[in-house]
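Scroll down for the structure; my scribbles are underneath it.
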Amino acid sequence: MLELTYLRNQGQEAVDALAKRKINAQDTVASVLQLDEQRRNGQTELDQLLSEANQISKEIGNLFKAGKAQEAQALKQRSTELKEITKQKQAEQEVVKAALESKLVELPNTPYHLVKEGAGEADNEIVKTVGEIPKLEGVAKPHWELTEQYDLISFDLGVKITGAGFPVYMGKGAGLQRALINFFLEENQKQGYKEFIPPHFINAASGFGTGQLPDKEGQMYHMGEDDLYAIPTAEVPITNLFRDEIVNRADLPIQCTAYTPCFRREAGSYGKDVRGLNRLHQFDKVEIVNVCHPDESYALLDKMVEHVEGLLQKLELPYRILRLCGGDMGFTSAMTYDFEVWSAAQERWLEVSSVSNFETFQSNRMKLRFRDENNKTQLCHTLNGSALALPRIVAALLENHQTEKGIKIPSALVPYTRFEWID
RNA sequence: GGAGAGAUGGCAGAGUGGUCGAAUGCGGUAGUCUUGAAAACUAUUGACCUUCACGGGUCCGGGGGUUCGAAUCCCUCUCUCUCCGCCA
């Protein structure tokens, strides 16, 4: 949620920035400002009425004490009258506030100045491409064949017990999964991240805090009986740990990491995009989340990018980094870098990480603040990124590292798998 | 799931219809003292809305009600604790 004061003071700047997403926010911003004005005026009026009512009540109390019941009775009349008026005024205010809130929530985050205008994927900037593309044309098997050949993952068993998009990992397939999770968690800890194991279900307030609700309602699994949502990413429970908190400035940046399964309905996906491990309803991911001072968020974003890069290098995977254009960024993000690894058999890039700075967009919703030098509360910045999402990493590892002997495990990972080959 | 108790400021905890945004203690901050620290002492210390400012307003778990007036009375929801039951 954008900050009201920002829209008040720099409304046009916000509209211009949002144009990078190829959306015209002129009207929405205008009605936000109009409703805000209306709300403030109403509030002033209401406050004056309440002030009068408070004063009269006090006087009545004093009069009763002084034994002047007659005069007190006379004042009661005005008091009752005021009660009616304030009640009505309050109801009006509620309506205005709700309207303001619903308009404000419609607006996505304003892109950072470095973000290029664009409509979608095609307009993303390639920041860099690193590593050698393996030359396996013709002989390379796609991962969905390799997982079957080496008995690593069963998609069919998953279909039987749950449905499509819920794979069953087996043997070295399961071991590889566990090894990657541990590898990522430990690498993250070396960077100063503290590990958490959060709940896998969240309430609606948490979904709202990080921006999944109301925007992505249909993408989450919802358990109606208990009104809980299965987490689409660890970002949600982890960032919401800090909802309604005033954190110590000295504690910033707060760095958290967590492994969780992630659940996504992926309504509307089809075709080669969903083949094998490319897109799943349940998958494993290790996430990093940062809560920091506004001045340091972009430096921290760079640091996160560097860290994720390091992980991909240790896994010996060719990758490229994209800076997303306005139109391809998520609703809540101010700037996002995507990481893609090369899939040698599918011969295409697969997204494995998304690292974003949300600035105050989430913290404003969550009321996540710190105290500045003047002891004033100020919104923190929040950031997060995948470090890393497993399925496509597994797909790329299997495809890129396949040999006639079997699949070679990258040496950095061997201490975790305790096997060097899948054969 | 059944029965009971409870929810007050960063924490602990008083307050049962008016002068209570709320005693007191702890904690935090600043100062005095000290070579330094501790202790002691002094002062200060909630959030939010509104206003250029003075000021005004809201908040005692959430929502509703009674009353001129509610932290305090009533209804309701949520959560926590204790006991019983069930259970990894």
Side-chain angles (χ1 to χ4, degrees), chain A residues 1-9 32-105 197-209 213 223-229 237 240-252 254 261 291 360 363-380:
Chain A
M1 190 159 67
L2 293 173
E3 292 177 73
L4 256 179
T5 45
Y6 170 66
L7 292 176
R8 259 181 231 152
N9 301 330
V32 163
L33 292 178
Q34 190 261 322
L35 286 164
D36 177 47
E37 174 105 29
Q38 198 181 333
R39 196 203 115 249
R40 284 191 289 165
N41 290 339
Q43 188 67 46
T44 309
E45 263 179 72
L46 177 61
D47 284 354
Q48 278 163 359
L49 291 168
L50 286 171
S51 176
E52 192 187 338
N54 285 342
Q55 223 166 1
I56 290 179
S57 289
K58 270 183 196 170
E59 277 174 47
I60 291 173
N62 289 334
L63 287 171
F64 271 122
K65 262 187 201 157
K68 298 176 185 168
Q70 280 299 66
E71 290 174 49
Q73 288 299 341
L75 276 178
K76 271 196 190 184
Q77 202 183 348
R78 172 64 181 157
S79 184
T80 311
E81 198 180 300
L82 275 173
K83 195 185 162 187
E84 287 301 314
I85 303 172
T86 53
K87 211 169 172 181
Q88 199 194 334
K89 194 80 208 165
Q90 246 152 4
E92 280 172 33
Q93 280 298 95
E94 287 311 312
V95 173
V96 175
K97 274 198 235 173
L100 174 60
E101 170 94 359
S102 74
K103 277 285 168 199
L104 198 52
V105 161
I197 301 178
H200 298 169
F201 297 157
I202 48 139
N203 56 30
S206 297
F208 180 81
L213 294 175
M223 280 144 281
E225 197 165 3
D226 297 296
D227 196 19
L228 296 172
Y229 296 84
N240 274 284
L241 294 173
F242 304 99
R243 173 152 48 87
D244 293 321
E245 296 286 334
I246 299 176
V247 298
N248 279 327
R249 186 158 186 253
D251 292 339
L252 300 177
I254 302 172
V291 175
T360 59
S363 60
N364 190 31
R365 289 181 163 216
M366 287 193 292
K367 301 288 165 263
L368 162 53
R369 293 157 296 167
F370 68 99
R371 253 173 236 289
D372 65 18
E373 314 71 49
N374 305 318
N375 231 24
K376 286 279 204 182
T377 57
Q378 199 181 327
L379 293 171
C380 299

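Residue numbers start from 1 in every chain, and the chains themselves are labelled A, B, ... in the order their sequence lines are given, proteins ahead of strands. Keep in mind that what you see is a predicted model, and the values were worked out from it rather than measured.
- Checked against side chain to side chain contact (heavy atoms under 4.5 Å, CB included), Gln88(A) has the following partners two or more places apart in sequence or in another chain: Glu92(A).
- Remark: Arg365(A) pairs with no residue by the side chain to side chain donor-acceptor pair (under 3.5 Å) rule, at least two apart or across chains.
- Rounded to whole angstrom, the span from the CG atom of Leu82(A) across to the C1' atom of G57(B) amounts to 14 Å.
- Minimum interatomic distance between Ile56(A) and Leu82(A) (heavy atoms only, all atoms of both residues): CD1-CD1, 3.8 Å.
- For Asp226(A) and U78(B), the CG to C1' distance is 14 Å, given to the nearest whole Å.
- The partner of U24(B), taking Watson-Crick or G-U wobble pairs whose two distances both stay under 3.5 Å, is A12(B).
- As the counterpart of C79(B), G6(B) is assigned, both hydrogen-bonding distances of the Watson-Crick or G-U wobble pattern falling under 3.5 Å.
- Here Lys103(A) pairs with Glu106(A) under the salt bridge (charged side-chain N to carboxylate O under 4.0 Å, His left out) rule; sequence neighbours left out.
- Near RNA chain B, defined here as any heavy-atom distance below 4.0 Å, the residues from residues 86-104 of chain A are Lys87(A), listed numerically.
- Side chains of Ser57(A) and Asn54(A): no donor on one and acceptor on the other come within 3.5 Å.
- To the nearest angstrom, P of U78(B) lies 12 Å from CG of Asp227(A).
- Straight-line distance between the C1' atoms of A12(B) and G28(B): roughly 15 Å, to the nearest whole Å.
- Look at C52(B): it lacks any Watson-Crick or wobble partner with both distances under 3.5 angstrom.
- Rounded to whole Å, the distance from CG on Leu50(A) to C1' on G21(B) is 16 Å.
- Among residues two or more places apart in sequence or in another chain, the ring pair (Phe, Tyr, Trp, His ring centres under 6.0 Å) test is passed with Phe208(A) by none.
- For Val95(A), the side chain to side chain contact (heavy atoms under 4.5 Å, CB included) criterion is met by no residue, not counting sequence neighbours.
- A straight line from CG of Leu46(A) to C1' of G57(B) spans 8 Å, rounded to a whole angstrom.
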Treat primed atoms plus P, OP1 and OP2 as sugar-phosphate and everything else as base, then score nucleotides 44-53 of chain B 5' to 3': B for base contact with protein heavy atoms under 4.0 Å, S for sugar-phosphate contact only, - for none. --SSSSSS--

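- C87(B) is unpaired under the Watson-Crick or G-U wobble criterion, no partner having all donor-acceptor distances under 3.5 Å.
- Rounded to a whole angstrom, the distance from the C1' atom of G63(B) to that of C41(B) is 47 Å.
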Derivation and outcome, side chain to side chain contact (heavy atoms under 4.5 Å, CB included), residues Leu7(A) and Asp36(A): CA-CA 10 Å; Leu7(A) 292 176; Asp36(A) 177 47; over 6 Å; no

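- For U34(B), there is no paired base (Watson-Crick or G-U wobble, both distances below 3.5 Å).
- A distance of about 41 Å separates the P atoms of U80(B) and A43(B), rounded to the whole Å.
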Collect all protein-nucleotide pairs involving nucleotides 67-71 of chain B in which both atoms are nitrogen or oxygen and the distance is under 3.5 Å.
| unit_1 | atom_1 | unit_2 | atom_2 | d |
| --- | --- | --- | --- | --- |
| C68(B) | O2' | Ser79(A) | OG | 2.0 |
| G69(B) | O4' | Ser57(A) | OG | 3.4 |

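- Not counting sequence neighbours, the partners of Pro261(A) by the side chain to side chain contact (heavy atoms under 4.5 Å, CB included) test are His200(A), Tyr259(A), Phe263(A), Gln282(A), Asp284(A).
- To the nearest whole angstrom, the two C1' atoms, one in A71(B) and one in A7(B), are 12 Å apart.
- Taking atom P on both nucleotides, C73(B) is separated from U8(B) by 15 Å, rounded to a whole Å.
- Legend: residues meeting salt bridge (charged side-chain N to carboxylate O under 4.0 Å, His left out) with Glu45(A), ordered by chain and number and at least two apart, are Lys89(A).
- For the C1' atoms, the distance linking G65(B) with U51(B) amounts to 33 Å, nearest Å.
- Across every strand in view, U72(B) sits unpaired, with no contact that passes the Watson-Crick or G-U test at under 3.5 angstrom.
- Across G56(B) and U45(B), the matching C1' atoms stand 23 Å from one another, rounded to whole Å.
- Residues passing the salt bridge (charged side-chain N to carboxylate O under 4.0 Å, His left out) test with Glu59(A): none are found, sequence neighbours excluded.
- Both distances falling under 3.5 Å, in either a Watson-Crick or a G-U wobble arrangement, occur for no nucleotide opposite C60(B).
- Comparing the P positions of A39(B) and A47(B) gives an interatomic distance of 26 Å, to the nearest angstrom.
- Under the salt bridge (charged side-chain N to carboxylate O under 4.0 Å, His left out) criterion, Asp47(A) pairs with no residue, sequence neighbours left out.
- Looking at heavy-atom distances under 4.0 Å, Asn54(A) makes contact with sugar-phosphate atoms alone, never a base.
- Among Val247(A), Asp244(A), Thr377(A), the one residue that satisfies the side-chain contact (heavy atoms from CB on, under 4.5 Å) test with Arg369(A) is Thr377(A).
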